[in-house]
Amino acid sequence: MNETEGLRFRRLNRPQIITDDRQEPRYKGSSTYSGKVFRVTLVSLGGFLVLPLLVVIFILESPIQPEILSLNEPPVMMGCYEPNLKLREAERLFEEQITGPESLANIGDVLYTGTADGKIVKLVGRRSHVVARLGKPPCGSREEEPSCGRPLGVRVGPNGTLFVADAYLGLFEVNPTTGEVTRLVSGGQLVGGRRLSFINDLAVTQDGRKVYFTDSSSRWQRRDYLHLIMEATADGRVLEYDTETREVTVVMENLRFPNGIQLLPDEESVLVAETTMARIRRVHVSGLNKGGMDTFVDNLPGFPDNIRPSSTGGYWVAMSAVRPNPGFSLLDFLAQRPWIKKLIFKLFSQEVLMKFVPRYSLVVELHDGGVCTRSLHDPHGLVAAYVSEAHEHDGYLYLGSFRSPYLCKLDLSKV
């Protein structure tokens, strides 16, 4: 092979260099197709997720019709309200033996309470004993609660009997020795043109003639208490039952979630916890000011439940949810945003919503003029959770709860 032929051969067999630019046209169409499929899939998935949400927002009705509520800025938690851990010094009693001991009363050293399964029980030593059952089993579910019964407020009358307010079934007098039950007022009956739908707490005069009680709402039942709080319905009342005439009369109405009730020493007025408004009202039930009402204390650092007397002449007020300041108060935030409340109740059940309410147990002692003299705290409710009442007896504070499977005992000499 001569030089000319060798040059020609090398040119024909010169190696080809393959670059990305030469391969791009081959795959460009495939890449574009894959991208389109991904985008279509993403949009479709988003549609499937967003469409039900839009249906919920624009089509489904909210179970509540909330009103715009005006609350003052919560008080700064300092001074008497300074946070502490004093409630964590409490001892749990009867754990897993009782559930939801909302209210407590004592005859001597024996405690009595009502439980979530419709029973009135006495607590002796370390054991609980059933005294009476107000409703009928089965119990345990939301649907069964109205027939099972839900005892809330419990008081001791002058004759040593127990007066009990059941949220659904009415007012009862219970003989703690024999277990005999007498219905005084039927739940659901019409009084003043409205039904007794959520009987809550009660107070009995020293002679046993009058029983004052709260009906938290004529629209909502106890099992829907969070609906009542969020809707801020002003349909709660204070009523009077006369044990001699057996008549029930309305003492005060248009209250927002009237809850705990406590007679003042002169028995001419009662203190009423207006839970939704974070305040305590004084309602005049007899005397010259009968039919009137004023405010005992306004703008509490939490939402008050039951009110019970203290040994120093004041009143113990239990709160299971607070309005932290400094901090963020969810209920205060929602008070002036009813549209958010409506949306929330379209999306979540009451049980789910309860998980978003921060647990914080607070008990305060108030004296004349609503002056705070001391407070006991359990941030996050680690020991005493969901407190509903603070009942003082023989140097101890017994803490009731509307849903915990125990009650707590606090030695006041240690705090």
Side-chain angles (χ1 to χ4, degrees), residues 71-84 86-87 90 102-105 153 155 200-203 212 214 238 252 255-285 289 292-325 329 360-379 384 386-393 395-402 408 410 412-413 415:
L71 295 174
N72 294 325
E73 181 181 347
V76 177
M77 297 186 77
M78 59 185 298
C80 182
Y81 297 136
E82 184 77 30
N84 56 61
K86 292 181 179 180
L87 284 184
E102 163 94 9
S103 178
L104 303 158
R155 299 280 190 166
N200 200 319
D201 195 19
L202 76 171
Y212 299 101
T214 53
V238 175
M252 186 59 62
L255 297 170
R256 299 183 192 273
F257 200 163
N259 199 330
I261 185 170
Q262 173 63 43
L263 267 165
L264 292 179
D266 62 7
E267 297 193 343
E268 291 191 353
S269 53
V270 292
L271 298 180
V272 179
E274 196 174 12
T275 300
T276 304
M277 301 303 295
R279 67 187 176 192
I280 296 175
R281 309 301 294 272
R282 176 167 39 214
V283 178
H284 301 278
V285 296
N289 295 318
M293 180 172 65
D294 52 53
T295 299
F296 179 73
V297 59
D298 197 10
N299 203 32
L300 287 165
F303 299 94
D305 201 328
N306 285 353
I307 308 168
R308 293 297 184 265
S310 72
S311 59
T312 61
Y315 301 95
W316 292 112
V317 181
M319 309 178 210
S320 62
V322 300
R323 309 163 63 209
N325 185 13
S329 172
Y360 193 118
S361 295
L362 172 62
V363 175
V364 299
E365 185 180 18
L366 304 177
H367 279 77
D368 291 343
V371 176
C372 175
T373 51
R374 57 175 160 172
S375 65
L376 313 171
H377 302 241
D378 182 359
Y386 305 112
V387 293
S388 54
E389 180 178 299
H391 175 80
E392 185 176 349
H393 171 61
Y396 291 89
L397 203 59
Y398 294 88
L399 305 171
S401 171
F402 64 91
C408 288
L410 179 66
L412 288 173
S413 67
V415 295

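All values below come from the heavy atoms of this structure, side chains included, with hydrogens, waters and symmetry mates left out.
The minimum heavy-atom distance linking Arg323 with Leu71 is given by the pair NH2-CB, 4.0 Å. Residues Phe303 and Val322 approach most closely at CE1-O, 4.4 Å, considering heavy atoms. Closest heavy-atom contact between Gly400 and Leu104: N-CD1, 3.8 Å. Closest of all the heavy-atom pairs between Ala90 and Cys408 is CB-CB, 4.0 Å. Across every non-hydrogen atom of Tyr386 and Ser361, the tightest pair is N-OG, 3.7 Å. Contact record, Leu376 with Lys86: CD2-CD, 3.7 Å, taken as the closest heavy-atom pair.
Between the Ser375 side chain and the Cys80 main chain, a donor and an acceptor come within less than 3.5 Å of each other. Put simply, the side chain of Thr295 never gets that close to the backbone of Arg281: no donor and acceptor are under 3.5 Å apart. Judged by distance alone, the side chain of Asp378 and the main-chain N or O of Ala384 form a donor-acceptor pair under 3.5 Å. Put simply, the side chain of Thr373 gets close to the backbone of Glu365: a donor and an acceptor are under 3.5 Å apart.
Using a 4.5 Å heavy-atom threshold, the side chains of Ser269 and Asn289 count as separate. Between Asn200 and Phe257 there is a side-chain heavy-atom pair separated by less than 4.5 Å. With a 4.5 Å cut-off on side-chain heavy atoms, Pro309 and Glu392 do not count as touching. In this structure, the side chains of Asn84 and Val415 stay at 4.5 Å or more apart for every pair of heavy atoms. The closest side-chain heavy-atom distance from Asn306 to His391 is not below 4.5 Å. When side chains are defined from C-beta on, Asn325 does not count as touching Pro301, because their heavy atoms never get closer than 4.5 Å. For the pair Met293 and Leu255, the minimum side-chain heavy-atom distance is below 4.5 Å. The shortest distance between side-chain heavy atoms of Glu389 and Glu102 does not fall below 4.5 Å.
Taking CG from Leu271 and CZ from Arg308, the interatomic distance works out to 11.5 Å, rounded to the nearest 0.5 Å. For the atom pair CD (Gln262) and CG (Leu202), the distance works out to 10.5 Å, reported to the nearest 0.5 Å. Separating the CZ atom in Arg374 from the NE2 atom in His367 is a distance of 8.5 Å, to the nearest 0.5 Å.
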Which is it for Arg279 and Glu274 under the salt bridge (Lys or Arg N to Asp or Glu O under 4.0 Å) test, yes or no, and what are the steps along the way?
CA-CA 6 Å; Arg279 67 187 176 192; Glu274 196 174 12; 2.7 Å; yes

Pair Leu366-Cys372, side-chain contact (heavy atoms from CB on, under 4.5 Å): steps then yes or no:
CA-CA 5 Å; Leu366 304 177; Cys372 175; 4.0 Å; yes

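Among the candidates Leu397, Val317, Asp305, the single residue satisfying the side-chain contact (heavy atoms from CB on, under 4.5 Å) test with Val363 is Leu397. With Val270 as the fixed residue, the side-chain contact (heavy atoms from CB on, under 4.5 Å) test singles out one of Ile307, Val285, Leu264, Thr214: Val285.
Aromatic ring centroids of Tyr360 and His377 lie under 6.0 Å apart.
Within a 6.0 Å radius of CG in Asp368, no more than 12 heavy atoms belonging to other residues, nucleotides or ligands are found. The number of heavy atoms from other shown groups lying within 6.0 Å of CD (Glu73) does not exceed 12.
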